[in-house]
Amino acid sequence: RYLPRGKSKRGRRGKRGGSPASFIEGRVSLQERPLEAADRKVPGHWEADLIKGAGNASAVGTIVERTSRFLMLARMDSASASSALEGFSRRLRTVPPSLRKTLTYDQGTEMALHQDLAKRLRMDIYFCDPHSPWQRGTNENTNRLLRFWFEKGTDLGAYTKDDLKAVQDKLNTRPRPTLEFDTPAQRLAALFVRTDSSHQPLLLSVLFWAALRIASLAAAEAISWSPRGMIGVAFAKALPGWRQRWPTLSASAIFWIVVS
């Protein structure tokens, strides 16, 4: 009962299915990924996968940033390559270009249109070796946590965008031992408020994209023009010591608007 998925004991892992890697044309091996992605010091390197529902007929896309462990969930119409292309494109386009460096995926054929995805996002995509889930361990661990909400054998197509965002927010505001008990949201926010010259372009990019996002929401009358609605004070208050951390949390709230 103390295990993350509520099981009484651990079971053996089954072999992961999948189609031959030869179905994916033009794939680039993980061995060619920039070394900066491995040490997690440089943000903007992501890992992605699909959590599949009953009969592989439905799916939810999971995208995790390696440095901060920040999670984004993408609603999919199905587990097909075309649905993966549209779902991942739609979700990752909400991320500033400076945070879209690389994407690491497994050998699943839902990524058969990876070249189109790379062109849309101007993002390099790399593939793990066959049957090597540890090569994108951050995403695998996140998927394990997500199975608490998205159980195997269920219809994942029944979950709405709001449902996915609620689960996403829970994990992004959960303290992590690997982050010295910071939350992924806090770690990502900290990246935005660094004042050294190497991160000034990143901060400016985030602020620019946030301004565009707020303007688009305002035009659609989708948010309240109260301080609570504009900068996400509700999110800030949910974290301890929010008044002392206001500069960091403001940046975090801005990013929250960008990716919501």
Side-chain angles (χ1 to χ4, degrees), residues 3-7 10-19 21 23-24 30 45-66 68-95 102-114 117 121 125-174 176 178 184-185 259-260:
L3 297 178
R5 283 176 282 181
K7 292 184 177 180
R10 297 186 186 275
R12 290 187 177 182
R13 290 191 178 208
K15 290 186 178 180
R16 185 168 183 172
S19 300
F23 286 4
I24 306 177
L30 179 68
H45 299 282
W46 301 76
E47 298 175 3
D49 195 14
L50 291 188
I51 291 180
K52 296 181 180 180
N56 292 340
S58 59
V60 171
T62 65
I63 318 167
V64 186
E65 202 278 318
R66 285 177 52 82
S68 63
R69 277 69 166 185
F70 192 90
L71 166 70
M72 294 195 302
L73 295 177
R75 192 174 186 279
M76 302 285 177
D77 294 330
S78 68
S80 66
S82 58
S83 291
L85 173 63
E86 295 303 324
F88 285 132
S89 296
R90 184 169 56 249
R91 209 67 186 93
L92 284 167
R93 275 173 173 164
T94 65
V95 176
T102 69
L103 181 70
T104 301
Y105 211 86
D106 61 14
Q107 297 281 348
T109 55
E110 65 269 13
M111 194 51 68
L113 300 177
H114 67 95
L117 182 63
L121 301 173
I125 300 177
Y126 299 92
F127 289 84
C128 300
D129 298 327
H131 311 298
S132 303
W134 59 86
Q135 292 181 342
R136 26 174 289 284
T138 300
N139 193 219
E140 284 290 320
N141 289 335
T142 302
N143 288 350
R144 177 177 55 84
L145 295 175
L146 287 169
R147 280 299 184 185
F148 178 81
W149 292 278
F150 308 127
E151 296 183 0
K152 292 183 178 181
T154 58
D155 179 12
L156 301 183
Y159 290 94
T160 66
K161 179 181 177 181
D162 290 339
D163 293 333
L164 298 185
K165 189 175 186 305
V167 173
Q168 171 187 299
D169 293 353
K170 286 181 180 179
L171 286 184
N172 285 333
T173 57
R174 175 187 291 185
R176 305 286 183 88
T178 54
V259 301
S260 62

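- The minimum heavy-atom distance between Lys52 and Ala79, with the atom names listed, is CE-CB, 4.2 Å.
- Under the 3.5 Å distance criterion, the side-chain polar atoms of Asn172 are matched with a main-chain donor or acceptor of Leu71.
- Arg66 contributes no side-chain N or O that, together with a main-chain N or O of Glu47, makes up a donor-acceptor pair within less than 3.5 Å.
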May I have the step-by-step check of salt bridge (charged side-chain N to carboxylate O under 4.0 Å, His left out) for Glu140 and Arg136, ending in yes or no?
CA-CA 6 Å; Glu140 284 290 320; Arg136 26 174 289 284; 2.8 Å; yes

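- Taking 4.5 Å as the limit, some side-chain heavy atom of Met72 sits within range of a side-chain heavy atom of Leu92.
- Across all their heavy atoms, Leu50 and Glu110 have their closest contact at CD1-CG, 3.5 Å.
- Counting all heavy atoms, side chain and backbone alike, Ser83 lies closest to Ser78 at OG-OG, 2.9 Å.
- Distance alone, capped at 3.5 Å, is enough to place a donor-acceptor pair between the Gln168 side chain and the Leu73 backbone.
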Go through the steps to decide whether Leu164 and Trp149 satisfy the test side chain to side chain contact (heavy atoms under 4.5 Å, CB included), and finish with yes or no.
CA-CA 10 Å; Leu164 298 185; Trp149 292 278; over 6 Å; no

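- To the nearest 0.5 angstrom, His45 atom NE2 is 9.0 Å from Thr104 atom OG1.
- Thr142 OG1 to Ile63 CD1: the interatomic distance, rounded to the nearest 0.5 Å, is 11.5 Å.
- Phe88 and Leu121 get closest at one heavy-atom pair: O-CD1, 4.5 Å.
- Residue Ile51 holds its CD1 atom at 11.0 Å from OG of Ser58, rounded to the nearest 0.5 Å.
- Atom CZ of Arg91 sits about 9.0 Å away from atom CH2 of Trp46, to the nearest 0.5 Å.
- The two residues Ala84 and Met76 have their closest heavy-atom pair at CA-SD, 3.8 Å.
- Annotation: side chain of Tyr105 is in contact with side chain of Asp49 (closest heavy-atom distance under 4.5 Å).
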For Arg69 and Leu171: C-alpha separation, side-chain torsions, deciding distance, then whether side chain to side chain contact (heavy atoms under 4.5 Å, CB included) applies.
CA-CA 9 Å; Arg69 277 69 166 185; Leu171 286 184; over 6 Å; no

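- Gln107 places a side-chain N or O within donor-acceptor distance of the main-chain N or O of Cys128, the cut-off being under 3.5 Å.
- We find the CG-CZ distance between Leu145 and Arg176 to be 6.0 Å, quoted to the nearest 0.5 Å.
- The minimum heavy-atom distance between Arg75 and Tyr159, with the atom names listed, is NE-O, 2.8 Å.
- To the nearest 0.5 Å, atoms CG (Leu156) and CG (Asp163) are separated by 11.5 Å.
- Side chain of Thr109 to main chain of Ala112: no donor-acceptor pair is present (N/O by atom type, distance under 3.5 Å, no hydrogens or angles).
- For the residue pair Glu151/Thr154, the side-chain donor-acceptor check at 3.5 Å is not satisfied.
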